[in-house]
Amino acid sequence: MTDRRASPPANPPPPTNGELARIFHEIGEMLEVKGELVFKNMAYHRAADAIAHWPEEIGRAYQEGRRPRIPGVGSAIEKKIEELVATGHLAFYDRLRAEVPPSLVALLEIPGVGPRTVKLLHETIGIESLEDLRRAAEAGHLRSLRGMTEKTEASILAGIEALARRGQRLLLSEAEAIVGTLQAELAGTPGLRSILPAGSFRRRRETIGDLDLLAETDDPAAIVSRLTGLPSVESVIGAGVHKASVRLLRGPQVDLMIVPPGEAGTYRIHFTGSREHNVRLRGMARDRGWSLSEKGYLRLGPDGEPLGEPGAELRTFPTEEAAYGFLGLSLIPPELREDRGEIEAALAGRLPALVRLEELRGDCHTHSDWSDGVHTIEQMAEAARRRGYAYQVLTDHSFSLAIARGLTVERVAEQRALVDALNARFAGEEATGTAPEASPPEGFRLLHGCELEIRADAALDFPDEVLAAFDVVVASVHVARRQPREQLMARVFAALRSPHVDILAHPAGRMIQGRDDLDLDWEAVYAEAARTGTCLEVNGSPHRLDLADLRARRAVELGCRLAIDSDAHRTGELDDVRWGVAVARRGWVEAPSVVNTWSRAELLAWVAAKPGRLAAAG
DNA sequence: GCCGTTTTCGGCCCGACTGTTTTCAGTCG
């Protein structure tokens with residue numbers, strides 16, 4: 001039972017940015033179904049997106065009497081935010097919901113059903129829900145409506161079925177596996193010059209809906225027919241001379257776009273997106289007298305319409321770099337194309353030098369079979385060495401995480417002896433020139449660390465004198481994840497403030513499409529991490545990706561250092577660090593902010609410099 | 001509903017595919 005003894009707070013907590021964004025998106029959808037002016041709907045969706053991505057809590061700012069200038073939020077939506085913050089309600093929203101039931105809005109999710117269809121169904125035969133629609137379609141009641149036939153009924157039923165079995169979005173790593181398979185299956189098609197991924201996969205979003213492929217080819221029909229004929233295709237959604245769409249068996253929809261040879265520049269930009277990024281580019285093109293589409297830049301006449309023949313002028317480009325250059329922009333890395341300031345940065349020539357996988361010199365978070373890993377310490381170290389790393393930090397769990405067979409103080413001491421012995425061997429091999437070729441000049445060392453459990457009562461699993469003996473300490477929360485924010489913050493602060501904790505691992509504690517984030521006051525976490533000189537992790541495990549992109553960006557803005565780690569539990573997972581790099585790049589992170597791009601000596605000096613540390617024993 | 005060193009009003013990104021309404025609307029990306 002919920003504890004109801006506490007009296008209600010005088011001020012209700014303000015809505016979070018996520019809640020505000022959800023409300024304005026929903027308003028946009030309800031207005032769509034109502035048949036409102038399309039630009040009005042768009043305005044609500046645009047404002048909702050801007051709110052969702054805003055770095056500070058807007059509700060709190062309003063409570064404090066501040067009105068951050070958010071692009072896309074004008075006076076009307078500002079007033080609505082005010083009302084929501086002050087009263088917890090929005091009369092306009094409540095009225096709309098009474099008029100357009102949420103179950104009706106949900107029909108928009110059905111593939112092939114848009115706002116006009118929903119409006120028609122509602123107004124003519126009173127459809128209010130998915131179940132209503134299914135029954136009406138099955139009973140053949142839709143064919144009497146304008147523009148609908150038996151075929152429409154069948155396609156709506158198929159859409160409902162597709163919706164029901166439409167799985168969750170793919171993890172980035174799952175998407176990569178499918179893209180790789182498709183590229184291999186389509187390679188060698190006659191006329192095909194290249195087949196490259198685009199869309200949110202290329203932008204490295206953490207989850208992927210549909211997959212987009214671009215085929216640069218002299219023979220469009222051949223590649224379309226090859227794709228639609230693949231045995232892994234469940235159904236063909238559409239197939240023309242410019243594009244084709246299929247759904248894979250137990251897999252995502254795949255959209256294939258045909259690119260004329262030598263004109264890939266604007267095609268790659270267009271189909272990589274994001275939509276918001278493209279809208280900005282088109283606006284810029286229009287301001288300069290051109291209409292931008294995937295085909296290229298089309299010269300506009302004085303009336304703002306494309307010039308007809310003769311005089312029509314289409315400019316195409318073989319590369320993205322040239323196509324961006326036409327607008328005076330430098331090449332924008334795909335990970336940044338979200339209209340989060342990248343266009344302004346490109347105009348000013350101030351795009352960040354995003355961190356690259358090759359710049360990582362070590363991994364600060366790895367496990368072995370001493371706790372919950374699969375491979376031995378030696379196997380893990382050898383795998384890291386073959387990657388060309390200068391170091392790997394072995395961070396098996398501490399004892400209170402019993403489910404992961406966390407190590408006791410005694411086991412830690414035994415483990416250290418093994419680490420020392422391995423390092424002696426590595427040093428010997430480097431001295432005699434028998435180390436792996438990939439070894440860096442500084443050689444490879446296995447550093448001894450731990451993944452220190454932050455317990456439910458905010459106590460840390462090892463005392464300071466034990467912690468002081470580790471090279472690097474990574475701390476994290478695994479248990480009692482649903483505590484109130486105050487308690488969770490106390491635990492995180494306990495770790496950040498310990499002079500012996502160097503890195504806070506997977507700070508949000510989420511599992512993508514599994515577990516929600518810990519309820520933390522993020523601005524306070526970043527501020528304290530920056531103040532104490534504790535590093536925050538970008539965990540590359542494909543279902544974690546934690547910190548997420550926007551958080552990594554905000555943390556660095558507030559002066560935090562990051563570590564990009566694999567959290568590998570087997571040798572093959574060392575490569576997961578590349579997903580962490582992808583997230584960091586989406587977060588505008590540059591190498592100097594990432595501690596594991598530094599040399600081993602620099603890393604160890606940084607660890608030693610944290611104020612208040614006990615000297616390491618012996 | 002938002003926005004503006006061209007604009008405080010009149011714009012707001014562009015094209016392919018599908019089905020069917022024999023000339024285009026709806027949906028999607």
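Residue numbering restarts at 1 for every chain, and letters A, B, ... go by the order of the sequence lines. Fair warning: this is a prediction, and the values are worked out from it, not measured in the lab.
For the pair A:K80 and A:F92, the distance from NZ or CZ to the six-membered ring centre is under 6.0 Å and the angle to the ring normal is within 45 degrees. Under the 6.0 Å distance and 45° angle rule, A:R204 counts as a cation-pi partner of A:F201. Figure legend: A:R554 and A:W522 shown without cation-pi pairing, the cationic atom not lying both under 6.0 angstrom from the six-membered ring centre and within 45 degrees of its axis. Taking the ring axis of A:Y62 as reference, the NZ or CZ atom of A:R67 stays within 45° of it and closer than 6.0 Å to the ring centre.
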For residues 218-230 of chain A, which side-chain N or O atoms pair as donor and acceptor with protein atoms under 3.5 Å away, sequence neighbours left out?
| unit_1 | atom_1 | unit_2 | atom_2 | d |
| --- | --- | --- | --- | --- |
| A:D218 | OD1 | A:R193 | NE | 3.4 |
| A:D218 | OD1 | A:R193 | NH2 | 2.9 |
| A:D218 | OD2 | A:R193 | NE | 3.0 |
| A:D218 | OD2 | A:R193 | NH2 | 3.3 |
| A:D219 | OD1 | A:A222 | N | 3.2 |
| A:R226 | NH1 | A:E185 | O | 3.0 |
| A:T228 | OG1 | A:V224 | O | 2.9 |
| A:T228 | OG1 | A:S225 | O | 3.3 |

Could you pull out all donor-acceptor pairs under 3.5 Å where a side-chain atom in residues 576-583 of chain A meets a protein atom, sequence neighbours excluded?
| unit_1 | atom_1 | unit_2 | atom_2 | d |
| --- | --- | --- | --- | --- |
| A:R578 | NH1 | A:D575 | O | 3.3 |
| A:R578 | NH1 | A:D575 | OD2 | 3.0 |
| A:R578 | NH2 | A:E176 | OE1 | 2.4 |

Tell me which donor-acceptor pairs under 3.5 Å the side chains of residues 261-270 of chain A have, and how far apart each pair is, sequence neighbours excluded?
| unit_1 | atom_1 | unit_2 | atom_2 | d |
| --- | --- | --- | --- | --- |
| A:T266 | OG1 | A:E294 | O | 2.7 |
| A:T266 | OG1 | A:G296 | N | 3.4 |
| A:H270 | ND1 | A:R282 | NH2 | 2.8 |

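Among the atoms of the strands shown, base atoms are found under 4.0 Å from some heavy atom of A:G147. Residue A:S155 is classed as having no contact, given no heavy-atom separation below 4.0 Å to the nucleic acid. Backbone-only contact: A:R69 has heavy atoms under 4.0 Å from sugar-phosphate atoms and none from a base. Residue contacts for A:A239: at a heavy-atom cut-off of 4.0 Å it reaches the sugar-phosphate backbone alone, with no base atom in range. A:V38 comes within 4.0 angstrom of no nucleic acid atom, judged by non-hydrogen atoms across all strands. The residue A:S245 sits apart from the nucleic acid: no heavy atom pair falls under 4.0 Å.
Rounded to a whole angstrom, the distance from the C1' atom of B:dT20 to that of B:dT27 is 15 Å. Straight-line distance between the P atoms of B:dT23 and B:dC28: roughly 25 Å, to the nearest whole Å. Nucleotides B:dC2 and B:dT8 are separated by 12 Å at their C1' atoms, to the nearest Å. To the nearest whole angstrom, the two P atoms, one in B:dT21 and one in B:dA16, are 24 Å apart. Comparing the C1' positions of B:dG1 and B:dT5 gives an interatomic distance of 24 Å, to the nearest angstrom. B:dG26 and B:dT22: their P atoms are spaced 14 Å apart (whole Å). Taking the C1' atom of each, B:dC3 and B:dT7 are spaced 10 Å apart, rounded to whole Å.
We find that CG of A:L292 is positioned 12 Å from C1' of B:dG15, with the value rounded to whole Å. The nearest whole Å value for the distance from the CZ atom in A:R288 to the P atom in B:dT5 is 13 Å. To the nearest angstrom, P of B:dG19 lies 5 Å from NZ of A:K151. Remark: P of B:dT18 and CE of A:M148 are 19 Å apart, rounded to the nearest angstrom. With rounding to whole Å, A:Y297 atom OH is found 14 Å from B:dC14 atom C1'. Rounded to an integer number of Å, the gap from A:N278 CG to B:dC14 C1' is 10 Å. Spacing between atom CD1 of A:I237 and atom C1' of B:dG19 amounts to 16 Å, rounded to whole angstrom units. The NZ atom of A:K40 sits 10 Å away from the P atom of B:dC2 (whole-angstrom rounding).
Within the structure, every pair that satisfies the salt bridge (charged side-chain N to carboxylate O under 4.0 Å, His left out) test and touches residues 317-328 of chain A, not counting sequence neighbours, is listed here: A:R202-A:E320, A:E320-A:R337.
The 12-atom threshold is exceeded at CD of A:E131, counting heavy atoms of other residues, nucleotides or ligands nearer than 6.0 Å.
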(Q) Each nucleotide in nucleotides 7-12 of chain B should get exactly one letter: B, S or -. Can you fill that in based on protein heavy atoms under 4.0 Å? (A) -----B

**Q.** Sequence-aligned protein contact record of nucleotides 22-29 of chain B, with B where the base is within under 4.0 Å of a protein heavy atom and S where only the sugar-phosphate is
**A.** ----SSSB

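Under 4.0 angstrom from either OP1 or OP2 of B:dG1 there lies no side-chain N or O belonging to A:S75. Side-chain N/O atoms of A:T152 include one lying less than 4.0 angstrom from OP1 or OP2 on B:dT20.
A donor-acceptor distance shorter than 3.5 angstrom exists from the side chain of A:T16 to the backbone of A:E19, with no hydrogens or angles considered. Not one N or O on the side chain of A:E138 forms a donor-acceptor pair closer than 3.5 Å with the backbone of A:R135.
Along DNA chain B, the nucleotide closest to A:I70 and the one closest to A:L298 are compared, and the more 5′ of them pairs with A:I70.
For the side chain to side chain contact (heavy atoms under 4.5 Å, CB included) test, no residue two or more places apart in sequence or in another chain qualifies with A:R116. With sequence neighbours excluded, no residue forms a side chain to side chain contact (heavy atoms under 4.5 Å, CB included) with A:S75. Residues that satisfy the side chain to side chain contact (heavy atoms under 4.5 Å, CB included) test with A:L550, not counting sequence neighbours, are A:H53, A:R340. Applying the side chain to side chain donor-acceptor pair (under 3.5 Å) test to A:H122 and every residue at least two apart in sequence or in another chain returns A:E128.
Of the residues in residues 76-98 of chain A, those lying under 4.0 Å from DNA chain B by heavy-atom distance are A:A76, A:I77, A:K80. Residues from residues 336-344 of chain A lying near DNA chain B, meaning a heavy-atom separation below 4.0 Å, are absent.
Taking 4.5 Å as the limit, every side-chain heavy atom of A:R280 sits out of range of all side-chain heavy atoms of A:H277.
In this structure, B:dT8 forms no base pair with any nucleotide, since neither Watson-Crick nor G-U wobble geometry is met with both distances under 3.5 Å.
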